[in-house]
4 protein chains.
Amino acid sequence: MNETAEPIVKATARNRRVAGMDPEKRRQILDGAQAVFAAQGFDAASMSEIAAVAGVSKGTLYVYFADKEHLFVALIERERETQKAAVFDALNDDPDVVRALTRFGEGLAHLLTRDFVVSAHRIVIGVAERMPDLGRDFYESGPKLGGYRLAQFLAGKAEQGLLSLDDAYLAAVQFIDLCQSTLLRPRLFNAMREPPSDDEIHRVVASAVAMFMARYGAPRR
Amino acid sequence: MNETAEPIVKATARNRRVAGMDPEKRRQILDGAQAVFAAQGFDAASMSEIAAVAGVSKGTLYVYFADKEHLFVALIERERETQKAAVFDALNDDPDVVRALTRFGEGLAHLLTRDFVVSAHRIVIGVAERMPDLGRDFYESGPKLGGYRLAQFLAGKAEQGLLSLDDAYLAAVQFIDLCQSTLLRPRLFNAMREPPSDDEIHRVVASAVAMFMARYGAPRR
Amino acid sequence: MNETAEPIVKATARNRRVAGMDPEKRRQILDGAQAVFAAQGFDAASMSEIAAVAGVSKGTLYVYFADKEHLFVALIERERETQKAAVFDALNDDPDVVRALTRFGEGLAHLLTRDFVVSAHRIVIGVAERMPDLGRDFYESGPKLGGYRLAQFLAGKAEQGLLSLDDAYLAAVQFIDLCQSTLLRPRLFNAMREPPSDDEIHRVVASAVAMFMARYGAPRR
Amino acid sequence: MNETAEPIVKATARNRRVAGMDPEKRRQILDGAQAVFAAQGFDAASMSEIAAVAGVSKGTLYVYFADKEHLFVALIERERETQKAAVFDALNDDPDVVRALTRFGEGLAHLLTRDFVVSAHRIVIGVAERMPDLGRDFYESGPKLGGYRLAQFLAGKAEQGLLSLDDAYLAAVQFIDLCQSTLLRPRLFNAMREPPSDDEIHRVVASAVAMFMARYGAPRR
DNA sequence: GATGAATGAGCCTTCATTCAT
DNA sequence: CATGAATGAAGGCTCATTCAT
């Protein structure tokens, strides 16, 4: 699982056409696609509307992306790139476990409840049955990778005697899930129209950290 | 789906048309719809295929359900009814908290990772942007209600001094989430093609219970 | 080379859909397709225009024919069926070679210069590069088969001592070509807008018969 | 192609635009167009592919040719020029009728069964309905002119008492058709993928000459 | 009441043509 | 002049929905 490489879909290269692709226009198209896909889902989004929202002609869409699916995959890829680094920084520079987990957890909760991130999850989940590769790649280079990264951090702390773990990966995912309790699910089902407040996130993550430390925190002498 | 006018989910009565609706035929249609929606998703599922799989004519579909969306909503409703009762029985008849939680958690994990349940979640999540009412209703009468029910159970145990809780609902959702750590997400993204084994569920739920009890279990003297 | 069987395109069966295809409507569609294909050629003909001319909806087109190419192939098949038997009758009931050839030749010239037959030839020739199977099948079950049938007739007469042939098939094709000299080519290139008159055909075929008999007619003692 | 206004073929002058048209580049474009039109037919050939094969930009195409149709017409014109002279030389320098006809006939058969010539015929025939002017011009300055030229030659020989003709033009076309019997048609329909061998051409033309001489050869005393 | 043939709006995609650089 | 990115009209095809039988 290489963090930098790992193309979501093998044919990604086909998204990059011959010469003279204007990166600015590409971005413009992806912005339009993001808006329309988020609002309509994959199937209900129409290439015409994407073109209109992006401010380009339908023909131009097909100069930059081979078809609707490639456009969508490129969009998902871009989003993941955008979000990746942000969260994990919190893990690497704080010797205090509780503080590191709190910062990480709050960053994660903020990220995963943002409008666009929720939309992207909805869409990928919605098409996962028909586009299993996309679903799997998204999962593996997103949530699963995140779990591994956190597991590594936790294992390091365990080696220092600061934590007591049976299964670092399970512990990591447990913490990640706890940070989203009562927050993610209503967002995914569109039962909570606004991202949670900072206070709410703070409260949930504090509880998650408390729970995590109660279980794995104090190495018993 | 128009959000302001005619709430689709509440309007179920409209599904029951004139007189002689054969409940058996209705069930037959829903069975076909279940198979097709699960395999294709909402948009890719075609009414023709549903009619064919259900063994009725397309015209008959529209006698029993006003349109594709109403059919889908009715299907989701039926599924929720089917699943609701099953899980919560575990809570009411066991005075031992750990045993009750374990039974409840394992039942829940089994249920939520079953093929059809995962499919239903995928579809509802996938259309949640376009059908917010459906998403909200599904969430509120499913996950949220489940959280409340478990919270009630936990609050009862707290009153008996068996648990020490700040926020019963948050604790309930935390437990529910922990029971699905490493299990639900790969299923939703179609990165795990088979439901998890009993052993795996057992292991995850045991860890969830341990975590829960470590945090909320010991009543402070 | 079976005269009755030999499907032009192997997948012809796919033209015949499940149940309840109204043969009258099928004919109606083929009539519309004939008009539009003849006027525009294969590529320039649009399915929308065919539907309009046929007086059916576009959707109906696709109920009866899988796609544009299948519709076209079915049309060509129907035409060939329509025309097949007509010409060769002249060969079987006349003991006089000159009279038989004259009747056959005139019938052939009439047939092959008719508007629709010319159109069909133009279209098949026009798409032969991209649809080689169609071109080949058309040729083999049309012109080539015709050559064989005439060759059989000529060989029979040769056995009776009425003709003297080296190569019956070559002689047959030569006669067929002579019957169309100055008639077919200008029609194919659309340089002659009307079918030739009976007189013109009579003159050309008489000359063809004379030429044929001069070469193959009198067995030299 | 509008038949009444602006005859396309005659309007060739319009292909020559402003000043500095590079004849070399024009040739280069026509070469590319020839390859693509031959391989795809008129409609399926794309201007983009022609530009790519010709090694020029799409914009340049439109500097040299007003549109796709003009480009195609110019190509057909060039081909006709290229081929014209070649065949008729055989007629002028041989006092022996049989030898002259044989050489002419073999040259003609070779020419008309060459890949590119067959392709050109296919395309012109294929679009003759939509571009009647092109079809007529092609016919008149090609096959028809050829017929007249041969007719003139034959008439000369008749005056010399070497042939006995009723209708020199009909006789000429008959001979031309006989030279292609069994050769041209399967090529046009793409049922014969390679040009015929020299031997095959030799055999067919020999039979054509024999037939022609049997009919028109012996001046009646 | 059940049927399924018919409808037609709408979708994705292509490509001849234009025009700013 | 040459370029090739951009355009947008039009094409083939699908499918939710209707309605005559």
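Below, read A as the first sequence line, B as the second, and so on, with proteins coming before strands; counting in each chain starts at 1.
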Listed nucleotide nearest any side-chain atom of [X], set [options]:
X	options	result
A:M47	E:dA2, E:dC12, F:dA6	E:dC12
D:D67	E:dC15, E:dT17, E:dC12	E:dT17
A:Y64	F:dT3, F:dA6, F:dA2	F:dA6

Is the side chain of [X] donor-acceptor paired with the backbone N or O of [Y] at a distance under 3.5 Å, no angle test?
X	Y	result
D:Y64	D:D22	yes
D:K68	D:S46	no
A:R122	B:G126	no

So what does C:T60 touch, heavy atoms closer than 4.0 Å: a base, only the sugar-phosphate, or nothing?
->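 Base contact - C:T60 has a heavy atom under 4.0 Å of at least one base atom.
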
Would you mind classifying the nucleic acid contact of C:K58 as base, sugar-phosphate or nothing, using non-hydrogen atoms under 4.0 angstrom?
->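 C:K58: base contact, heavy atoms under 4.0 Å.
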
A:R136 vs B:N190 side-chain heavy atoms within contact, under 4.5 Å = no

Heavy-atom side-chain proximity of A:V73 to A:F65 below 4.5 angstrom = no

Interatomic distance where [atom1] belongs to [X] and [atom2] belongs to [N] [whole Å]:
X	N	atom1	atom2	answer
A:F72	E:dT13	CZ	C1'	20 Å
A:D22	E:dA20	CG	C1'	13 Å
A:F42	E:dC11	CZ	P	14 Å
D:E49	E:dA16	CD	C1'	14 Å

Taking for A:G55 and for B:D43 the nucleotide of DNA chain F with the nearest heavy atom, the one nearer the 5' end belongs to A:G55

By nearest-nucleotide position on DNA chain F, the 5'-leaning member of C:G59 and A:L61 is A:L61

Name the residue closer to the 5' end of DNA chain E, choosing between B:V56 and D:A44 according to the nucleotide with the nearest heavy atom.
->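 Nearest-nucleotide comparison on DNA chain E picks B:V56.
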
Per nearest nucleotide of DNA chain E, the residue lying toward the 5' end, B:S57 or D:A45, is B:S57

Where are the stems of DNA chain E, defined as at least 3 consecutive Watson-Crick or wobble G-U pairs with both distances under 3.5 Å?
->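 Paired runs of 3+ in DNA chain E: E:2-21 with F:2-21.
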
B:T60 and B:K25: side chain donor to acceptor below 3.5 Å = no

side-chain N/O B:K68 vs F:dT17 OP1/OP2, d < 4.0 Å |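 Negative; the distance criterion is not met.
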
Establish, with yes or no, whether the OP1 or OP2 oxygen of E:dG4 is under 4.0 angstrom from a side-chain nitrogen or oxygen of B:Y62.
-> no

Classify the angle between the aromatic ring planes of B:F37 and B:F42 as parallel (below 30°), tilted (30 to 60°) or perpendicular (above 60°).
-> parallel

